[in-house]
Amino acid sequence: MSLYLESSKIIARANYGGLRAAVYSDKSIKSKPEQLYALCVETLKHQEILNEVIEKSQILQVEKKLTHPLALVLLHDFLISKNGIATSNGPLKSSILRNRARLSAEFTRARLKRGFSTKAALLQKTQKQAPRFPRWVRINNLKADYDLLMNKGVFSEFTPIDDLSKLYPKRDCLPNKVYVDPYVNDLLAFAPAAPLLKHPLNRTGAIVFQDRASCVPAQLLDPPRDAYVVDATAAPGNKTTHLASLLGPDSKGKIFAFERDYRRAFTLKETVEMAGAQDLVEIRPSQDFLKSAPWNPSEQNALNKVTHILLDPSCSGSGIVERDEYKYIPKNEPESRGPRNIDGTLVKGPNTSPSAAEYEDSRTWRQGSSEKDRLFALADFQVRVIEHAMRFPNATRITYSTCSVYAEENERVVMAALNTSVARHRGWVTEPRHLNRMKNWPRRGIVEECEGNRQVADSCIRFNPWVDGGIGFFVVVFIRNEQERARLPVAPAIKWDSSRKIRQERAATEGWSGEEEEWKGISDSDLPTEPSPRRSSSTPIRYYTSNSGPEVVEPPSPVSGLARKIFAPGGNESDADSRSGYDPNFSNGPKIIRGGQKPKKKTGREKQREKQQAREKELALIRPIKMRERQVRLGRAGEGAEEEDDIYGSWAEVFEDDFEYVSKKAKSIAKRNASVGNLDRLKDVGMPLEDFDKRDFSQLQIGPKDE
Ligand SMILES: C[S@@+](CC[C@H](N)C(=O)[O-])C[C@H]1O[C@@H](n2cnc3c(N)ncnc32)[C@H](O)[C@@H]1O
C-alpha cells in the first residue's frame, strides 16, 4: 500500500486511539513510521485550509475514488510540501494532476483570504504555533543508574539550570542545559531542541519521555519497595513503568496492570517490555478493573495483598494542550467538538507532548455524542473507579488523576467519592497538604468546587496547561484513616472461604444444593448508618444545583447516580430532565449554593430517602434474625465466639463478599478466557482483522483464572 493510502488510513483512525498510537501500533504498515507520522501531522496541521480547497474545488465529487483523508494527504504534498507528490505516475497522482489548475487557484485564494502573500508566510505562521514545552525525561531505574548518568554519563555534558522557563521560550534555545525537577525523582527537563529523541538511551528504554504532570501520580503513590500495587487503567503504560521504576530492580513487589481495551493491552505490553519491567508487571488484558474482585478466593494471594492503587481513568483530555490540530475533522463534522479550555473555547494547535497518546481512549469519544454527554458518562465512571478501589481490603493509599481541567472530572469527583458509603465506612480521606510530598506545589484545588472545603481543596494538586511546563493535570491522594475505621462497629459477617467450604461439605453429606438461595450478602444500602467521619450526621450535604433555590439532600447510597448530581441535580431523575438546563461550556454554572432553607414541599428525592430510611430500619430488625437463620442452616448455632470469628468478619467484609457480584465476575472471566485469542473478538474493538492477524495472541500474559 502506498504512503498516501496508509497515511489516509492512519488519519481516519487518529481520533480513536491517537495518531502516534495509530502509526506505531499498526504492524501491517509498510512505510517508515517516522515518515508516515510526519506526513499525518503536517497534513492535520494544515487541514483547515486544505478542507477549504477540497470544498471549493469539489475534487471529491469529480474524483470519485478519492476519500476525504486521502485527498487531504495528497493535497498537502501537492500544494504545501516542497517536494510535491512523492509517487511515480500512479492513479492517485493523476487524480490530483488532472485538477491541478483548479486546485492551485483555490489554494491561492484561500491563502490570500488568510492574509498570507506567499506560501512561505503561511508555513512560517504554522511553524510559529509549534509547541514550546520542555522535553521531560524520566530515568528508568530498571535500566539505568541516575547518579551514573548525571555524573559520568551523557547528562554530565549538560549544564544544570534553576529556571525552567528559560528552557523553552524558543524552539532552539539552550539545547545543552538541564533542569532537575525538584518535585519528581529521576525527572529532568531539556530544551525541545536537545538531541535526545534518537539517543540510544531512548531506544533502549533507559530513559522515557513522559510529561512532568503525568509523572506525579506514581511519585505520590510512593509504594514501598516490595509493595503489591494496582494500576487500574494502565495502557499505554507510562505510569505502570514509572511505578516499576520506583519499586526498583530488586523489588519483590508486583504491579497488576488492568487494561480493558484489548488493542491497548498490546501497547501496554510493548511499553512494559521496553522498560524491562515484565518481571514486576502482571498485565491483565481485556479485564475491567471495576469487575476485579480481590475478595474472591482465587485472588487471595494477589489482589488481596494490594496496598497501593493508581487510578488514571479515561477522561475528557481537556488539559491536553495543542492537541486539536492532531485531531482529524472528518468532512461534514462540525469543528466544535474537541478538547476545550476552561473558558469553553477550543484548545488550539498541535500537541507533540510525548504523553498525548496516553490519554486517548476510543470508548470515550463516540460519534454523535455531545461534550455534555461525554463528561456526564466520564464523571460517573471516574467516581465508580475510585469507589471500587476503596473497597480493596488492604488498600491504604490511592492516587486519582486526570489530564482534564474541568472541575466536573476533578474536585467534584473527589467530593462525590468522599461521600460514598465505602469512603465513609472505611475512613478514606484525602491526604492533607502538610503530609503530601508536593506540599510546596503552589497550584491547589478550587475551593468553591470542593463545597467550600479548603482542606480538601488544598489536598488537590493542579497543573495548568502551558504555564506549568506541559499539559493540564489533576492529582489527589486518598489515604485510609485507620483511626476512623477503628470507630466502626464490628458486626458479624460471612467470610468467603469457610462459608463456601461448609456449603460444599453440607452439599456432599446432606444432599443440600449448597446454593446461596437466601443470603445474598449485604448491599451498600444495608450498611449501618454511621455518621460520616468528616461531618456530623446532622449536617446535610449541599449539592451543586443550577436551580435558584438551595437543594439539600443526604448522600446517596449506593453511588450510582452520583455523577448525575454532579452535573444537574435539582431533583430531576430522568436524563433528559436533569440535563435540560445544562451549559456545555460550564461558563454559567452549575454553581454551589450555600445556606438557605430546606424547601417545604417534599421533593421526589426526599420521598425516596424516607423510603430508604424505612427500609434500613426494617433491615436492622431482620438482620439478626437472618444471621441466626444462617447460623442454624450452617450448623453453627450455639458455637463459641472464636468459631464465629472464623466465619464472620466485619460489616465491611460482608460489603465485599457479595455472592451475586462474585458469581457474575466468574462468568465474565470464563467468557473472557474463552474469547482470548479468538479473532472474532476483534470485531468488538472495531478493527479490521487483517491488522491483527500477524499478532501472536498467545504471548499475552493472562491473569490467574477464577475457579
Ligand atoms: C487515561 S488512559 C491511562 C493512561 C495510563 N495510566 C498511562 O499513564 O499510560 C485510560 C486507560 O484506561 C483504560 N480503561 C478504561 N476503563 C477501564 C476499566 N474499566 N478497566 C480497565 N481499563 C480501563 C482505557 O482503555 C485506557 O487505555
Side-chain angles (χ1 to χ4, degrees), residues 16-18 20-21 25 136 138 184 208-221 229-246 255-272 274-275 277 281-293 303 309-320 323 339 353-365 374 377-389 398-404 409 470-475 665 668-669 672 684-687 703:
Y16 303 92
R20 197 179 290 267
S25 66
W136 292 97
R138 174 169 65 74
V184 180
V208 177
F209 292 102
Q210 187 170 350
D211 196 274
R212 177 198 219 174
S214 155
C215 294
V216 171
Q219 174 78 58
L220 287 185
L221 192 64
V229 185
V230 159
D231 184 349
T233 53
N238 288 324
K239 296 182 190 70
T240 318
T241 50
H242 189 192
L243 284 170
S245 169
L246 291 174
I255 300 163
F256 301 96
F258 287 82
E259 176 48 53
R260 185 183 61 182
D261 188 309
Y262 199 61
R263 267 182 314 160
R264 289 171 67 87
F266 280 101
T267 319
L268 173 61
K269 182 172 176 278
E270 278 163 13
T271 317
V272 166
M274 175 62 116
V281 179
E282 180 179 310
I283 297 178
R284 301 213 165 180
S286 296
Q287 285 202 26
D288 186 339
F289 170 68
L290 291 176
K291 293 187 182 146
S292 62
L303 298 187
I309 304 179
L310 187 142
L311 306 173
D312 185 41
S314 308
C315 68
S316 64
S318 55
I320 304 277
R323 178 181 220 168
S353 159
S355 51
E358 145 184 350
Y359 304 104
E360 291 285 354
D361 180 0
S362 50
R363 289 169 200 246
T364 67
W365 195 282
R374 185 167 168 246
L378 281 168
D380 185 55
F381 169 67
Q382 289 153 353
V383 177
R384 283 189 295 128
V385 166
I386 304 178
E387 194 214 17
H388 188 70
I398 296 172
T399 54
Y400 169 75
S401 55
T402 69
C403 56
S404 168
E409 297 179 89
I471 57 173
F473 206 77
F474 177 89
V475 201
K665 164 79 183 163
S668 85
I669 289 194
R672 188 198 71 237
D684 295 341
V685 295
M687 293 292 287

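Nothing fancy with the numbering, it's 1 onward along the sequence. As the structure lists them, so they are numbered: ligands from 1, and atoms in each ligand from 1. In this text, all values refer to a predicted model and were calculated from it rather than measured experimentally.
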Item checked: Heavy-atom side-chain contact between H388 and K291 under 4.5 Å -> no
Check: Q287 heavy atoms, cut-off 4.0 Å: which ligand 1 atoms fall inside?
Finding: 20 (N), 21 (C)
Next item on the list: Give yes if a backbone or side-chain nitrogen or oxygen of P313 is under 3.5 Å from a nitrogen or oxygen of ligand 1, and no if not.
Entry: no
Checklist line | L311 side chain near F289 side chain, heavy-atom distance below 4.5 Å | finding: yes
Check: In terms of atom number and element, which parts of ligand 1 are under 4.0 angstrom from non-hydrogen atoms of F289?
Finding: 18 (C), 19 (N), 20 (N), 21 (C)
Item checked: Residue D261 vicinity, atoms of ligand 1 by number, heavy atom under 4.0 Å -> 25 (O)
Notebook entry, point to check: side-chain contact (heavy atoms from CB on, under 4.5 Å) with F258: which of V230, L268, T233?
Noted result: V230
Margin query: Evaluate T402 against Q382 for side chain to side chain donor-acceptor pair (under 3.5 Å), listing each step before the verdict.
Written below: CA-CA 9 Å; T402 69; Q382 289 153 353; over 6 Å; no
Notebook entry, point to check: Heavy atom under 4.0 Å from ligand 1: found in K239's side chain, backbone, both, or neither?
Noted result: both
Next item on the list: Show which atoms of ligand 1 fall inside a sub-4.0 Å distance from at least one heavy-atom site of D312.
Entry: 1 (C), 2 (S), 3 (C), 4 (C), 5 (C), 6 (N), 8 (O), 10 (C)
Notebook entry, point to check: For R260, is at least one N or O under 3.5 Å away from an N or O on ligand 1?
Noted result: yes
Check: Looking only at heavy atoms of H242, does any of them come nearer than 4.0 Å to an atom of ligand 1?
Finding: no
Next item on the list: Ignoring hydrogens and angles, tell me if any N or O in the side chain of S245 forms a donor-acceptor pair with the backbone of T241 under 3.5 Å.
Entry: no
Item checked: Candidate with minimal heavy-atom separation from atom 9 (O) of ligand 1, of N238, D288, T271 -> N238
Checklist line | Proximity of S214 to ligand 1 by residue part, where a heavy atom lies under 4.0 Å | finding: neither
Check: Do any N/O atoms on L290 end up under 3.5 angstrom from N/O atoms on ligand 1?
Finding: no
Next item on the list: Compare all side-chain heavy atoms of S401 with those of V216 and state whether any distance is below 4.5 angstrom.
Entry: no
Next item on the list: Pick one of side chain, backbone, both or neither for how E259 approaches ligand 1, counting any non-hydrogen atom pair under 4.0 Å.
Entry: both
Notebook entry, point to check: Within a strict 4.5 Å, meaning less than it, do heavy atoms of the F381 and P313 side chains meet?
Noted result: yes
Notebook entry, point to check: Just by distance, do the side chain of S316 and the backbone of S404 share a donor-acceptor pair under 3.5 Å?
Noted result: no
Next item on the list: May I ask you to list the atoms of ligand 1 that are less than 4.0 angstrom from any heavy atom of A234?
Entry: 5 (C), 6 (N), 7 (C), 9 (O)
Check: Any heavy atom of A232 sitting closer than 4.0 Å to ligand 1?
Finding: yes
Next item on the list: Begin from the C-alpha positions of H242 and S214 and carry the test side chain to side chain donor-acceptor pair (under 3.5 Å) through to its verdict.
Entry: CA-CA 10 Å; H242 189 192; S214 155; over 6 Å; no
